[in-house]
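Since we're looking at a predicted model, the values are computed, not measured. Just so you know, residue 1 is the first one in the sequence shown, and it goes up from there.
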Amino acid sequence: MPLDASRNSLVLPLLGLLVEQPSHAYDLTTRLRDRYGHVSVTRSTLTSLLKALERAGLVAARVPERVGNRPPRTAYEVTEAGLTDFSRRVVEGLSDAQVASPDFVMAVAYLGILPADDAASILDDRAARLGQRLTALRQEPAGVPEVYMLEAAYWRNVVAAEAGWIRILAARIRSRDIDWPTE
C-alpha cells in the first residue's frame, strides 16, 4: 500500500461501493473481489485503508453491530467530503488515466455519479485528446522495418479502440440511450 493511503488504487472502487451502501470490511472485500476480478485485495489491507480514509474524513465508522454469533463488525459509510473526493477521483480517472488502464476502467465504472452532460463532456475531451495522440502515433520513423514497429501498430489500435468506444458512449449518454441516475 502506498505510504499515502489516498493514492491507493483501491480508494476509488472502495468509495464507490460505500456510495452504493454502507458496509463492513468483510463485505467490502467480497464485493470488490466479486465485481472486479482484476483487483487484488486482502481484508487486512482494506481494513487499514478504511481506517486511513476515516482519519482523512472521507468515511465514517458506524457503531459496531453483532449479527448472530459473529463478532461485532464496524460498518463504514461515505461522508460528504468522501462523496466530493469520490467525484473528483472519477473526473480525474476519466480525464487523466493512461489509455487502457485499470484507473480508467474504475473511473468508467462510477461514471454515473456525475451529471450526464458533464460525463459526456469529459468523455468528449478525452476522445479528442486520444485522437490527437493517434495522429502522432501514425507518424512512424522512416526506414524502420515493420517487424521492429509491431508494438506501435498494436498501441495505435488500442488508442483507436478506446477513443471510438468513448465517442459512442458519450453520444449514448447525450441521447439518453443509457438510463442515468437522477441528478
On a heavy-atom basis, which atom in [X] and which in [Y] lie closest, and how many Å separate them?
{"X": "L15", "Y": "G82", "result": "CD1-O, 4.1 Å"}
{"X": "T47", "Y": "A25", "result": "OG1-CB, 3.5 Å"}
{"X": "A127", "Y": "R167", "result": "O-NH2, 3.3 Å"}
{"X": "S95", "Y": "R129", "result": "O-NH2, 2.5 Å"}
{"X": "T45", "Y": "T42", "result": "OG1-OG1, 2.8 Å"}

Given V39, L10, V90, the one that forms side chain to side chain contact (heavy atoms under 4.5 Å, CB included) with M106
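Among the candidates, only V39 passes.
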Can you spot which of I122, V91, L94 makes a side chain to side chain contact (heavy atoms under 4.5 Å, CB included) with L111?
L94
Side-chain ([X]) to main-chain ([Y]) donor-acceptor, under 3.5 angstrom:
{"X": "S175", "Y": "A171", "result": "yes"}
{"X": "R176", "Y": "A116", "result": "no"}
{"X": "R33", "Y": "V41", "result": "yes"}

Would [X] and [Y] show up in the same hydrophobic cluster when neighbours are defined by side-chain heavy atoms closer than 4.5 Å?
{"X": "L150", "Y": "Y154", "value": "no"}
{"X": "W155", "Y": "M149", "value": "no"}
{"X": "I166", "Y": "V99", "value": "yes"}
{"X": "V108", "Y": "I168", "value": "no"}

Less than 4.5 Å apart, side chain to side chain, heavy atoms only: is that true for [X] and [Y]?
{"X": "I178", "Y": "L169", "answer": "yes"}
{"X": "V105", "Y": "Y36", "answer": "no"}
{"X": "P13", "Y": "L32", "answer": "yes"}
{"X": "L12", "Y": "D103", "answer": "no"}
{"X": "D124", "Y": "R174", "answer": "yes"}
{"X": "Y76", "Y": "L14", "answer": "no"}
{"X": "T135", "Y": "Q132", "answer": "no"}
{"X": "L50", "Y": "L28", "answer": "yes"}

Show me the side-chain donor-acceptor pairs of residues 55-62 shorter than 3.5 Å, one per line, residues at least two apart or across chains.
| residue | atom | partner | partner atom | Å |
| --- | --- | --- | --- | --- |
| R62 | NE | E77 | OE1 | 3.1 |
| R62 | NH2 | E77 | OE1 | 3.0 |

Rounded to the nearest 0.5 Å, what separation is found between the [atom1] atom of [X] and the [atom2] atom of [Y]?
{"X": "R35", "Y": "L17", "atom1": "CZ", "atom2": "CG", "result": "5.0 Å"}
{"X": "T30", "Y": "L46", "atom1": "OG1", "atom2": "CG", "result": "10.0 Å"}
{"X": "L123", "Y": "D118", "atom1": "CG", "atom2": "CG", "result": "11.0 Å"}
{"X": "S48", "Y": "L53", "atom1": "OG", "atom2": "CG", "result": "10.5 Å"}
{"X": "R31", "Y": "T29", "atom1": "CZ", "atom2": "OG1", "result": "10.5 Å"}

Might you confirm whether atom CD of E151 has over 12 heavy atoms from other residues, nucleotides or ligands at distances under 6.0 Å?
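Above 12, so yes.
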Can you tell me if CD on E20 sees more than 12 non-hydrogen neighbours from other groups inside 6.0 Å?
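Yes - once you tally the heavy atoms of other residues, nucleotides and ligands closer than 6.0 Å, there are more than 12.
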Assess R70 against Y26: is NZ or CZ under 6.0 Å from the centre of the six-membered ring, and within 45 degrees of the ring's axis?
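Relative to the ring axis of Y26, which defines the angle, R70 lies outside at least one limit.
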Taking NZ, NE, NH1 and NH2 as the nitrogens, is one of them in R89 or D85 under 4.0 Å from a carboxylate oxygen of the other?
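Yes.
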Given the rule in the side chain to side chain contact (heavy atoms under 4.5 Å, CB included) test, do R126 and E162 qualify, once you have shown the distances and angles that lead to the verdict?
CA-CA 10 Å; R126 182 178 178 96; E162 185 170 302; 2.8 Å; yes
Please test V78 against F86 for side chain to side chain contact (heavy atoms under 4.5 Å, CB included), starting from the C-alpha separation and ending with a verdict.
CA-CA 9 Å; V78 71; F86 175 63; 5.5 Å; no
